[in-house]
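Residue numbering restarts at 1 for every chain, and letters A, B, ... go by the order of the sequence lines. Excluded from the calculations below are hydrogen atoms, water molecules and symmetry mates; all remaining heavy atoms, backbone and side chain alike, are included.
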Amino acid sequence: MEIPAKYDPSQTESKWYEYWLNNGFFHSEPNEKKAYTVVIPPPNVTGVLHMGHMLNNTIQDVLVRRARMLGKNACWVPGTDHASIATEAKVVAKLKEEGIDKSNISRDEFLKHAWEWKEKHGGIILEQLRKLGASCDWERTSFTMDPMLSKAVINTFVYFYNKGLIYRGVRMVNWDPEGQTAVSDEEVIHRDTPSTLYYIKYYISDNGTPSQSYIIIATTRPETIMADSAVCIHPDDERYLNLKGKKVLIPLINKEIPIIEDSYVSMDFGTGCLKITPAHDINDYEIGLRHNLPVTDILDNYARLNENAQILVGEDRFSARKAIENMLNESGYLIKKEQYNSQIGYSERTNAVIEPRLSLQWFMKMSEIAKPALDVVMEDKIRLIPDKYRNTYRHWMESVKDWCISRQLWWGQQIPAWYLPDGRLVVAADSGSALTLAKEMVPQITLDELRQDPDVLDTWFSSWLWPISVFDPEKPGFPEREANRELSYYYPTDDLVTAPEILFFWVARMIIAGNEFCSDIPFKNVYLTGTVRDKLGRKMSKSLGNSPDPVKLMESYGADGVRVGMLLCSSAGNDILYDDSQVEQGRNFSNKIWNAYRLVKGWERDPDATIPEHSAVAVNWFDNLLSQSIETINDHFEKFRLSDALMTLYKLFWDDFCAWYLELIKPQFGKRIDLVTYNSTLQFFDKLLRMLHPFIPFITEELWQNIYEREDGESIMISQMPVAASWSEKTISSFNLSKSAIVNVRSIRQSKGISPKEELTLFVKGDLSPDMYCIVKRMANISNVCDISSKEEGMSGASFMSETTEFFVPLAGLTDVNEELKKIESELKHLEGFLKTVNSKLSNEKFISSAPPTVVENELKKRSDAGIKIEKLNQLKQELKK
RNA sequence: GGGAGCAUAGCUCAGUUGGUUUAGAGCAUCUGCCUUACAAGCAGAGGGUCGGGGGUUCGAUUCCCUCUGCUCCCACCA
């Protein structure tokens, strides 16, 4: 069989993905096996794959594939999120391009467009995940606005409303003028933004006309002065004592407003004199409440000045700010301007500057319901990985505020509240039940007279049900109802892999929902991935153009290569600084595996040959090492140290298997291999492939299918993960000593310019087990390993020590005695320093008495070892000096 | 403004309740090799007073304090 020297992933990846799909390996049904469940953090339905998804889903796939191979019934549920704001914004933009204005079409028409858009663009991301190798159960693909899932959302709303946890009220909310909707506190991102502090004169009112005297206020928002309800000073501010009880006039519109006192004002900021604009600032709103101030809202939905402003009506808030500045300046009200950096809130979705705005919204009471969700994390029933997020989680859960759940959008689940003509409302799962409820209030009312609340629910109000509703959409809203078969089998899910940014948005709320409806946690472990950044540590973003296209990346390096590249440098919770060299390393690893396979499969077998001694030793060593490594890897997985698990495998395969094992058993040129060695090697290879499979699914399948004859329908992905047998520490350490001897001999060759082809003799004194001689001979091209006692006096050559074993390589005429002495001297110096620190410990009585016995023992061993070495080195030195 | 975290080799990071041969890995670097699996490779080597300072301890990369420098989260002093 001709196998090309370079592995070409494009030849194998799609082939095997098809094969897996066709055989239904990804699909899970409840059965007698233990379930292992993961629900995907549903990406935005209109999203495209970015590097963050790659990392996140690679991790999930590794966990899922491994669980499957460990004999569990693994189920990874994929799906997408309707992402109301983001999707609606995209649809609005698309309609605009077609010349359609959202405000000119009906809700139904708009939704039709939105669904069309979803059908066309939704799920691209899921297609891309297939390229990555994601072993999702595609038959279970869900969407947060699937009819059943939407029903679950509605039922949940009704349930919490009836429980008294959902209420409607006028509150100050974060208004996104671009998205035309309220957003939750969590969706507001505060950024340090350079702005200007304007100092403006407010004249003291003399019965409605300006007097000579004035005060100066400082504001960053001069365009809102028309909405001022008061000017506020600190009650203790001595500068303004004479102003108490007076009134001032708003510049330009000459509206009279009172001067009030409130200790909220800081005397040392600005002028100590604050304008109060209850409609457009949350603090001002609260002060307004305390002082019973009227609220004047001068902005419309688009954050343009409205009639209440009296001037500049229709102007956008930012252009109005400019205009007002000019007007104030021209009429002498503007005293000065100052550059000032302030924290401005931006909408996470649209990046518009958030406008604090008073409006009527739906809210969910959180504090009570959050308590149990805090407890399960504090009690470690749910593990956060890494656990540094426990603190953050607690902090948030303890200071949780009510959740604004209504959005002034059309794309999403419409709030199931119906208004009677008299303004009263009923909440019910559908219009029929709503009518029934309404009739209890107004018996002769008809459905036509009821008007449903036009708002939709926050997207997170649907995704918090995700781990429940993908299995049993009937359950949310009905905690008393028994879970269906699927839910009781798959729930609680096992691991959730997600980003720390949505710990509260999503994770915390899923815990709340899980507790409420299933009286159980929704998952056991939450693995929080870091952010993928570029080499310079910058977040990857479209505007910076620093994000590679994941699909192209997979095309050039193979999905396997990309997966390895991403995982090698990503410990949980740590950001990963992405660089092409990482996926290159991943690709190289695939190639290494490929070539190891070429080597092994190219050997001709000799059925009559017996196993050579060195092969027998190698097989035994590698067998032990394999078991040891399995244990190490299991341990890494237990701690969710995926990159360590992968690195262990990487070294096991590359260094131990290829560089040592295969080099050892490789038949000499023109020779054939014996069957025992050959078969052992294939078995090792098979095991290694299985261990590697969760990380690099494609190439491992390709080779696994070839290594032995396989039936159709067999696959590495449903094979068993190798388990550790008992292994001997001694076998491994004894081999390590011979390795060390070999490396030393090679190093001597390199430094002395001796060809690897030239045979050398090696003298040994110490612990090198005789059965390792054949290893050393073969790997270091040694003709004879002799006991050092047979060494001739005064023989010239190079010596070295490994652990406490002394080695000597005779090199006639090739050694410089002084150089050798120098080497020994420096080694001695090092050892003596070492011995000194060990001795200082051992001579310290407090150490002996207070350190644990094992530590003391170890120090004693260190001392004796160092002593042996020093003695041997001194002997060598003496000999050389002769 | 409040809180949390990080600082170890050129880079990315391990270092598991303070002791494991006076700090490890991968990558990168350097040297020698086209050795019949692989130059996307092989063999070998160098490289760190564990951010600075102080303290606790028999012993500190590990615990405490402080300084410096980053990062993140929370928080609308206009």
Side-chain angles (χ1 to χ4, degrees), chain A residues 3 5-7 188 190 197-198 217-221 232 264-266 268-271 273-277 281-284 340 342-345 354 356 386 388-389 391-392 395-396 399 500-501 503-504 531 535 537 561 568-571 573-577 579 581-582 584-585 587-602 635 639 641 643-644 647 650-651 658-659 662-663 666 669-670 743 746-751 753 756-757 803 830-831 833-838 840-841 843-852 854-856 858-859 861-863 865-866 869:
Chain A
I3 314 176
K6 291 239 184 325
Y7 170 62
V188 179
H190 293 274
L197 198 54
Y198 299 86
I217 60 100
T219 180
T220 52
R221 301 205 57 189
C232 189
Y264 166 79
V265 182
S266 26
D268 52 1
F269 187 86
T271 59
C273 206
L274 173 66
K275 78 189 197 65
I276 303 298
T277 321
D281 184 282
I282 179 73
N283 294 314
D284 291 11
Y340 174 69
S342 65
Q343 294 289 317
I344 306 277
I354 290 295
K388 65 176 176 187
Y389 287 106
N391 278 338
T392 329
H395 185 255
W396 192 80
S399 55
E501 292 100 273
L503 194 56
F504 313 122
T531 311
K535 222 161 72 170
L568 274 177
C569 53
S570 62
S571 47
N574 277 2
D575 286 355
I576 95 162
L577 301 190
D579 184 63
S581 68
Q582 288 150 16
E584 209 172 289
Q585 191 185 350
R587 178 201 58 185
N588 294 354
F589 186 42
S590 294
N591 200 236
K592 185 71 188 178
I593 298 170
W594 181 255
N595 277 292
Y597 187 77
R598 285 176 68 212
L599 172 70
V600 172
K601 273 309 209 181
D635 186 53
K639 294 170 180 146
R641 293 164 170 256
S643 58
D644 288 338
M647 183 49 72
Y650 180 93
K651 286 191 283 188
C658 293
L662 289 181
E663 287 301 329
K666 197 169 167 178
F669 185 63
V743 168
R746 285 172 177 171
S747 173
I748 288 167
R749 285 182 190 275
Q750 165 115 346
S751 64
K757 287 173 184 157
E803 289 169 41
H830 172 256
L831 279 169
F834 175 69
L835 189 61
K836 211 174 132 189
T837 64
V838 175
S840 72
K841 278 188 201 174
S843 57
N844 186 326
E845 269 184 36
K846 278 190 179 166
F847 171 74
I848 303 287
S849 55
S850 48
T854 50
V855 173
V856 178
N858 191 51
E859 292 302 317
K861 170 114 172 56
K862 278 182 184 174
R863 175 160 76 180
D865 283 358
K869 282 190 191 179

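- By the salt bridge (Lys or Arg N to Asp or Glu O under 4.0 Å) test, A:Lys535 is found to be paired with A:Asp579, residues two or more places apart in sequence or in another chain being considered.
- For the pair A:Arg598 CZ and B:A39 C1', the computed distance is 13 Å after rounding to whole Å.
- Scanning for ring-ring contact (aromatic ring centres under 6.0 Å, His included) contacts around A:Tyr340 gives A:Phe269, with sequence neighbours left out.
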Please tabulate the protein-to-nucleotide N/O contacts below 3.5 Å involving nucleotides 45-48 of chain B, giving atom names and distances.
none

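- Evaluation of the side-chain contact (heavy atoms from CB on, under 4.5 Å) rule for A:Lys862 yields A:Phe834, A:Val838, A:Lys841, A:Asn858, A:Glu859 as partners, not counting sequence neighbours.
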Got a list of protein N/O to nucleotides 3-6 of chain B N/O distances below 3.5 Å?
none

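- Between A:Arg641 and B:G15 there is a side-chain N or O to OP1 or OP2 distance below 4.0 Å.
- The gap from the P atom of B:U68 to that of B:U12 amounts to 24 Å, rounded to the nearest Å.
- Every residue two or more places apart in sequence or in another chain that forms a side-chain hydrogen bond (donor to acceptor under 3.5 Å, both in side chains) with A:Ser342 is listed here: A:Ser195.
- Spacing between B:A28 and B:A39 at atom P, rounded to whole Å, works out to 16 Å.
- Residues that satisfy the salt bridge (Lys or Arg N to Asp or Glu O under 4.0 Å) test with A:Lys861, not counting sequence neighbours, are A:Asp865.
- Contacts of A:Asp284 with the nucleic acid, taken as non-hydrogen atoms under 4.0 Å apart, are absent.
- In this structure, A:Asn588 places its CG atom 14 Å from C1' of B:C42, rounding to the nearest Å.
- For RNA chain B, runs of at least 3 consecutive pairs of the Watson-Crick or G-U wobble type, with both hydrogen-bonding distances under 3.5 angstrom, map to B:1-7 with B:68-74, B:10-13 with B:24-27, B:29-33 with B:41-45, B:51-55 with B:63-67.
- With sequence neighbours left out, the side-chain contact (heavy atoms from CB on, under 4.5 Å) criterion links A:Arg749 to A:Val745, A:Ile754, A:Glu758, A:Leu760, A:Asn781.
- Applying the ring-ring contact (aromatic ring centres under 6.0 Å, His included) test to A:Phe589 and every residue at least two apart in sequence or in another chain returns A:Tyr650.
- The salt bridge (Lys or Arg N to Asp or Glu O under 4.0 Å) test applied to A:Lys869 returns no partner, not counting sequence neighbours.
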Is there any protein nitrogen or oxygen under 3.5 Å from a nitrogen or oxygen in nucleotides 75-78 of chain B, and what are the pairs?
from	atom 1	to	atom 2	distance (Å)
B:A75	N6	A:Gln343	OE1	3.1
B:C77	O2	A:Ser266	OG	2.3
B:A78	OP2	A:Tyr340	OH	2.3
B:A78	O3'	A:Thr220	OG1	3.4
B:A78	O2'	A:Ala218	O	2.9
B:A78	N6	A:Ser266	O	2.9
B:A78	N6	A:Phe269	O	2.5

